[in-house]
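Take a look at the structure set out below.
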Amino acid sequence: MTNTVASSTASDADFDDMAEIRRLWAEEASLAGRRLALVGAIAARRDATAADDDTALLNCTTVLGAEIAALVAVGKEAGAHMVDLAADARDRIPAVAAALRDGVISLSTFRAIALECAAITDAEIMAAVDAEIATDLRAGGAVSTGSGRDTARRFVAEYDADAVRERRAVRGKGVNVTQDGDGVALTVSAHPEQVLAAAQAIRADAAAQTCADDSRSVGARRADLAIARLTGGAFACDCGNPECPASTSADEIGDRFSRIVVHVVADASTLDGESNKAAWVDGYGVIDAHHARDIAARPGTLIRPLDMSAATARPSDYRPNAAADTAARAVHGTCTVPGCDRAAWSSDLDHVTEFNHHRPEAGGATCPCNLGPKCRLHHLIKTFVDGWLDMQVTDANGVIWTETITPSGHSVRARARNHWLLPGLGLLPCRHGAPVEPGVVDPADAPVRGQSRTAAKHAYRMRLRSRRRYAVACVQAAEAVRKAELECYGTEPPF
Ligand SMILES: [Zn+2]
Ligand SMILES: [Zn+2]
Ligand SMILES: [Zn+2]
């Protein structure tokens with residue numbers, strides 16, 4: 001710690017610049033929202049004075065879109081899209097548009113939400129869904145495009161299941177070829193669970209049929225394998241080694257296909273048909289209740305009830321039991337780092353506070369309250385990068401939150417994406433104490449050889465972590481006191 005002064009100066013500058021980046025990011029969203037509002041206002045004025053002829057090719061939307069496009073030099077399609085989006089902001093999802101202007105969501109998130117709502121035709125339902133989405137966006141901490149889309153999809157599915165169902169049928173299946181200047185792509189459109197299973201099969205098969213000496217990139221191996229399978233061609237490792245270890249028997253291939261699993265999380269009431277509560281497909285996101293029931297009814301679907309009380313049993317083991325593993329992945333849905341959409345079942349399950357292998361009862365618990373999925377990169381970053389910390393907190397309503405603290409000293413909070421799907425999980429009593437001696441990560445396990453990471457830095461990380469936890473506990477305690485006072489006196493302080 002000889003360079004304390006230098007490093008603290010650098011980190012102050014980092015902190016300030018990062019704060020400015022966050023501010024500008026929100027301001028960009030806000031500016032985009034204001035731009036849409038202006039486009040919407042012009043459209044409304046012109047619509048009001050236009051001749052009532054909706055058969056005209058050159059209607060207001062087309063002309064206004066073309067005009068804006070010419071003035072900012074973008075394509076006419078982009079201009080027309082802007083006018084459509086402005087109409088959505090003005091007439092269909094004004095509360096979500098307000099969240100955009102307030103910098104709560106980005107323009108791409110707004111766009112994704114508008115698209116999810118496109119099938120709603122009833123004005124009252126639209127208004128209710130708009131209000132629900134906006135309230136949820138504002139209450140959930142950091143919102144990514146993926147999590148915003150899921151929020152919208154959930155409320156649309158629950159308020160207007162028929163619209164979603166029709167849209168699912170209309171969107172349909174198909175095989176398309178698309179091309180741009182650089183290449184050509186084959187797109188297979190099918191149900192998400194079918195596409196996900198196919199993608200898993202391609203990845204697993206390509207990995208098993210090639211060895212480390214194959215000259216192709218991972219992507220190229222998968223593409224070659226998929227094309228070979230579709231056209232009846234051959235696929236093999238190109239290492240040229242007659243002893244190539246990547247030769248797989250037909251039995252092994254069959255065994256591997258039998259282990260391809262797409263996880264769907266649904267409430268029992270959804271599967272029974274008692275409710276239209278939405279469900280979740282790992283690697284895809286929210287699906288409507290009908291879709292969940294369709295999947296459940298298919299041959300080959302295995303339904304396993306989740307025993308929530310088992311999820312918190314035996315927290316002294318390093319490996320979570322099946323219930324805890326499932327519950328932790330299901331409630332988060334994806335890697336817990338804000339913005340990361342890596343599927344929960346394709347992620348590592350991380351002990352947020354490190355497990356202590358020597359004294360399990362003293363370290364971070366193997367309990368859903370302390371387990372969160374992390375993609376491999378975020379898991380490595382969290383484990384080995386100084387100053388990168390995370391915490392998992394369960395609030396008074398049983399909602400699980402993740403707080404990610406980055407090396408610049410900024411932190412961002414996000415609610416567990418699927419908190420609505422497993423609302424009882426965070427209310428289960430934990431069968432363990434608070435961590436008093438979290439496990440210590442061996443720096444020798446760091447992915448890059450020679451990366452120095454001293455015990456002092458680790459201790460610093462632990463101190464900071466416990467300080468943050470203490471601060472959160474204080475906030476929660478204050479909140480609990482405030483609530484209790486509110487119940488007693490029925491008014492906000494001062495009394
Ligand atoms: Zn080989
Ligand atoms: Zn991640
Ligand atoms: Zn716990």
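Counting starts at 1 for both ligands and their atoms, following the listed order.
Counting all heavy atoms, side chain and backbone alike, Ile202 lies closest to Ala226 at CD1-CB, 3.9 Å. Summarising the geometry of Arg293 relative to Thr270, their closest heavy-atom pair is NH1-O, 2.8 Å, with the distance given to 0.1 Å. The shortest non-hydrogen separation linking Leu137 to Ile113 is CD1-CD1, 3.8 Å.
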Trace of the side chain to side chain contact (heavy atoms under 4.5 Å, CB included) decision for Val264 with Trp280: CA-CA 6 Å; Val264 180; Trp280 171 269; over 6 Å; no

Step by step, would you call Val286 with Trp420 a side chain to side chain contact (heavy atoms under 4.5 Å, CB included)? CA-CA 11 Å; Val286 172; Trp420 54 275; 3.9 Å; yes

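At distances below 3.5 Å, at least one donor-acceptor pair connects side-chain atoms of Asp130 with backbone N or O atoms of Ala95. Under the 3.5 Å distance criterion, the side-chain polar atoms of Asp102 are left unmatched by any main-chain donor or acceptor of Val104. Although no hydrogens or angles enter the test, the distance criterion places a donor-acceptor pair under 3.5 Å between the side chain of Arg329 and the main chain of Ser347.
Between the side chains of Thr366 and Asp317, no donor-acceptor pair of N or O atoms lies under 3.5 Å. With 3.5 Å as the limit, one finds a donor-acceptor pair spanning the side chains of His291 and Glu193.
By the ring-ring contact (aromatic ring centres under 6.0 Å, His included) test, His81 pairs with no residue at all, sequence neighbours left out.
Protein N/O/S atoms closer to the Zn ion (ligand 3) than 2.8 Å number 4 in this structure.
Note that the CG atom of Asp136 and the OG1 atom of Thr151 stand 4.5 Å from one another [nearest 0.5 Å].
Around the Zn ion (ligand 1), the protein contributes the following N, O or S atoms at distances under 2.8 Å: Cys211 SG, Cys237 SG, Cys239 SG, Cys244 SG. Residue-and-atom listing of protein N/O/S atoms under 2.8 Å from the Zn ion (ligand 2), sorted by chain and number: Cys335 SG, Cys340 SG, Cys375 SG, His378 ND1.
Of the candidates Ile400, Asp341, Thr336, Arg417 forms a side-chain contact (heavy atoms from CB on, under 4.5 Å) with just one, namely Asp341.
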